[in-house]
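Just so it is clear, the structure is predicted and the values come from calculations on it, not from any experiment. Heavy-atom basis, side chains included; hydrogens, waters and symmetry copies ignored.
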Amino acid sequence: MKRILTMMLPILLSGVSALGQSSTIHFREIGKEAGITRIPYSAKNQHYVVETISGGVALFDCDNDGKLDILVVNDSTIEQARAGGVPMVTLYHQGENLKFTDITEQAGLTRKGWGMGLAVADYDNDGLPDIYVTGYNGNVLYHNLGGCKFEDVTEKAGVRGGGFSSGAAWADYDRDGHLDLFVSRYVHTDINHLPTAENPSKNFFHKGLPVENPWTMDGESDLLFHNRGDNTFEEVSKKAGVDDPSKRFGLGVVWGDYDNSGWPSLLVANDTGPNFLYHNKHDGTFEEVGMLSGVALSPEGHEVGNMGVDMGDFDRDGRLDFSITDYADQPKGLYWNQGDLGFTDITYSSKIAQSSLAYVSWGTGFADFENSGLPDLVIASGHVYPDVDTVPKNVKYREPLLLYHNKGDRTFEDIAGQAGLNDGPMYSRRGVAFGDLNNDGNVDMVIFNVGAPPSVFINETRNSNHRVLFKLVGTKSNRGAVGARITVAAGARSQIEEVKAGSSYLSTNDPRLHFGLGGSAMMDEVKIRWPNGNVESLKNVAADAIYTITEGQGITATIKLAPPAPR
């Protein structure tokens with residue numbers, strides 16, 4: 001009996017909810033006191049699709065000083081866009097004590113347009129993260145010159161794109177050491193020839209409201225930019241088989257190795273259409289397997305309004321599962337990866353559908369907020385048009401955040417209220433980015449709010465659970481190690497995480513990989529599979545630190561974290 005109790009003690013202390021323990025997760029919103037105060041250029045009275053879907057956020061370290069900075073897109077208005085647009089992004093640099101300063105202009109991020117999404121990665125392998133911004137009528141690539149100074153190299157690099165671009169994500173899909181870029185595009189629209197209530201088109205009026213209806217609009221094809229290795233790109237979407245000739249309405253995108261082949265595949269969320277899962281064929285081309293794998297449609301076989309996406313192993317069985325958000329009165333998709341059997345939609349059995357069904361949901365992501373070793377799930381919601389508030393007995397424009405606590409048995413419990421996420425004003429939200437803003441070992445969040453400054457949620461969870469973060473540096477692989485996978489074995493649990501550069505809804509997370517370790521103060525093994533397929537292993541690595549691991553060199557830097565301490 002004594003032996004059993006000794007073995008069980010770390011689990012009991014970690015608060016693993018599979019054993020009935022209550023969650024200790026708690027957040028505090030600090031946006032205003034942190035200096036995140038700029039209001040995006042959102043139109044007050046939104047009637048057109050282009051006014052409604054913007055909302056990317058990115059967390060990255062623009063000057064390699066060890067602290068995450070915050071990048072937020074600026075949406076626009078029809079009038080501003082017709083006059084040339086507004087600066088597409090705002091960059092907040094982190095100083096001391098979680099204080100941020102708007103450095104957009106001095107950083108050189110001055111291209112005007114209509115910002116939609118963000119994908120951040122080191123595309124030229126110089127050790128500095130670069131920025132790609134999607135938008136209406138053209139995108140922009142900013143090359144990092146060092147010290148948070150950027151140069152607009154869009155035309156030189158050949159990645160301007162065009163049309164109504166939305167999601168974007170980087171990956172080295174052919175494993176040649178150079179990052180490539182996928183861009184999803186949404187509907188075809190012309191802001192100089194828009195319908196009005198007086199002169200409506202087939203696209204105008206939705207549920208009696210004078211607003212544009214995307215379900216009756218034409219879509220646009222998608223783009224894949226292959227990195228030539230000389231800081232220029234070639235558009236190869238048709239050659240690679242990812243161009244979407246049917247012109248579905250592409251939004252959120254994410255790359256990941258869902259089949260454990262060592263090669264990144266691509267998941268694309270399509271609004272009002274089947275999702276695409278592009279399986280990497282290892283020869284520079286892809287096969288679309290969304291329908292065959294079970295992720296294209298709802299459990300009832302319906303096409304739904306898919307928005308945001310993420311990949312993560314929520315049940316720690318060694319395979320990446322999918323989260324896909326969608327429109328109101330549609331179940332938010334949680335797809336359980338069963339290997340050769342494909343994906344099973346467990347949205348209802350996991351207890352996610354019941355509380356999320358009514359909302360229009362966008363940003364999403366898996367993250368272990370209490371360092372238990374089990375990833376939780378966040379969903380950010382908000383209706384499309386403010387006029388929805390005038391419709392009796394309808395859902396509202398501003399909607400609550402959802403935080404699903406992982407109970408360890410493939411079910412979740414919504415604890416957003418007790419975690420403090422809905423203590424303040426509600427907003428119509430879009431993108432969510434996840435990362436450790438204050439380097440304390442807890443995962444924080446920044447969320448885009450339409451017509452209001454972003455929300456900055458600091459994770460103040462305190463318990464006895466251990467944790468670790470890894471920053472990977474490629475030498476033979478791409479420098480930022482995008483696509484690398486770490487497998488951590490600690491105690492009886494094995495966990496996997498992959499470096500991503502674009503996910504959620506039009507957003508980019510902290511590139512460092514975070515693992516909650518529960519009661520384990522030591523990791524038995526840390527295995528790194530680099531993007532080129534090479535594997536390295538480290539034994540008996542201590543918890544409670546931020547490690548830099550360089551390809552071929554092992555641990556090259558260590559920053560100790562404070563020991564875990566319950567409240």
Take Leu59 and Leu437 through the side-chain contact (heavy atoms from CB on, under 4.5 Å) test and state the conclusion after the steps.
CA-CA 8 Å; Leu59 298 180; Leu437 284 168; 4.1 Å; yes
For the atom pair [atom1] ([X]) and [atom2] ([Y]), what is the distance rounded to the nearest 0.5 Å?
| X | Y | atom1 | atom2 | answer |
| --- | --- | --- | --- | --- |
| Phe150 | Asn144 | CZ | CG | 4.0 Å |
| Tyr136 | Ile191 | OH | CD1 | 4.5 Å |
| Arg82 | Asn192 | CZ | CG | 5.5 Å |
| Arg467 | Ile546 | CZ | CD1 | 9.0 Å |
| Leu118 | Leu506 | CG | CG | 8.5 Å |
| Ser184 | Leu223 | OG | CG | 9.0 Å |

Is [Y] paired with [X] through a side-chain N to carboxylate O contact shorter than 4.0 Å?
| X | Y | result |
| --- | --- | --- |
| Glu33 | Arg28 | yes |
| Arg111 | Glu155 | yes |
| Asp102 | Arg38 | yes |
| Lys247 | Asp222 | no |

For a side chain to side chain donor-acceptor pair (under 3.5 Å) check, start with the C-alpha distance between Asn275 and Asn306, then their side-chain angles and the critical distance, and finish with the verdict.
CA-CA 7 Å; Asn275 299 309; Asn306 305 291; 3.0 Å; yes
For a quick check under 3.5 Å, do [X] and [Y] share a side-chain donor-acceptor pair by atom type?
| X | Y | answer |
| --- | --- | --- |
| Ser76 | Asn74 | no |
| Ser165 | Thr134 | no |
| Glu370 | His405 | yes |
| Thr24 | Thr461 | no |
| His93 | Asp63 | yes |
| Glu413 | Thr411 | no |
| Ser504 | Asn509 | no |
| Arg185 | Ser221 | yes |
| Asp130 | Tyr142 | no |
| Asp321 | Tyr335 | no |
| Asn442 | Asn371 | yes |

Go through the steps for Phe182 and Val242 under the test side-chain contact (heavy atoms from CB on, under 4.5 Å), then give the verdict.
CA-CA 9 Å; Phe182 180 84; Val242 297; 4.0 Å; yes
Close side-chain approach of [X] to [Y], heavy-atom, < 4.5 Å:
| X | Y | value |
| --- | --- | --- |
| Glu29 | Leu421 | no |
| Glu303 | Thr272 | no |
| Glu151 | Lys156 | yes |
| Glu220 | Asp244 | no |
| Leu141 | Asn139 | no |
| Leu266 | Val268 | yes |
| Thr364 | Val309 | no |
| Phe457 | Phe434 | no |

Ring pair (Phe, Tyr, Trp, His ring centres under 6.0 Å) between Phe369 and Phe27, intermediate numbers included:
CA-CA 10 Å; Phe369 294 113; Phe27 289 88; 5.3 Å; yes
Considering all heavy atoms, the nearest [X]-[Y] contact:
| X | Y | value |
| --- | --- | --- |
| Cys148 | Ala107 | O-CB, 3.2 Å |
| Gly435 | Asp510 | CA-CB, 3.4 Å |
| Ala121 | Val482 | CB-CG2, 4.4 Å |
| Ser54 | Phe448 | O-CE2, 3.7 Å |
| Met311 | Lys500 | O-NZ, 3.0 Å |

From Ile103, Val140, Leu71, residue fulfilling side-chain contact (heavy atoms from CB on, under 4.5 Å) relative to Leu109
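The passing option is Leu71.
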Could you walk me through whether Lys332 and Asp326 pass the salt bridge (charged side-chain N to carboxylate O under 4.0 Å, His left out) test, one step at a time?
CA-CA 6 Å; Lys332 315 309 171 225; Asp326 49 37; 3.3 Å; yes
Lys112 atom NZ: more than 12 heavy-atom contacts under 6.0 Å:
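Atom NZ in Lys112 is not packed in, count stays at 12 or less.
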Just wondering, are more than 12 heavy atoms of other shown residues or ligands nearer than 6.0 Å to CD in Gln106?
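Check passes, neighbour count above 12.
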Please, which pairs that meet side-chain hydrogen bond (donor to acceptor under 3.5 Å, both in side chains) have at least one residue in residues 420-432, sequence neighbours excluded?
Ser428-Arg430, Arg429-Asn449, Arg429-Ser455
Identified ring-ring contact (aromatic ring centres under 6.0 Å, His included) counterpart of Tyr327 within the set Tyr359, Phe249, Trp362, Trp215
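That would be Trp215; it is the only one of Tyr359, Phe249, Trp362, Trp215 passing the ring-ring contact (aromatic ring centres under 6.0 Å, His included) with Tyr327.
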Under the side-chain contact (heavy atoms from CB on, under 4.5 Å) criterion, do Asn438 and Asp444 qualify, and how do the steps go?
CA-CA 8 Å; Asn438 54 352; Asp444 311 301; 3.4 Å; yes
Thr508 and Phe60: side-chain contact (heavy atoms from CB on, under 4.5 Å), yes or no, with the steps?
CA-CA 8 Å; Thr508 301; Phe60 73 115; over 6 Å; no
Stepwise side chain to side chain donor-acceptor pair (under 3.5 Å) test for Asn439 and Arg512
CA-CA 11 Å; Asn439 291 332; Arg512 300 173 300 180; 2.9 Å; yes
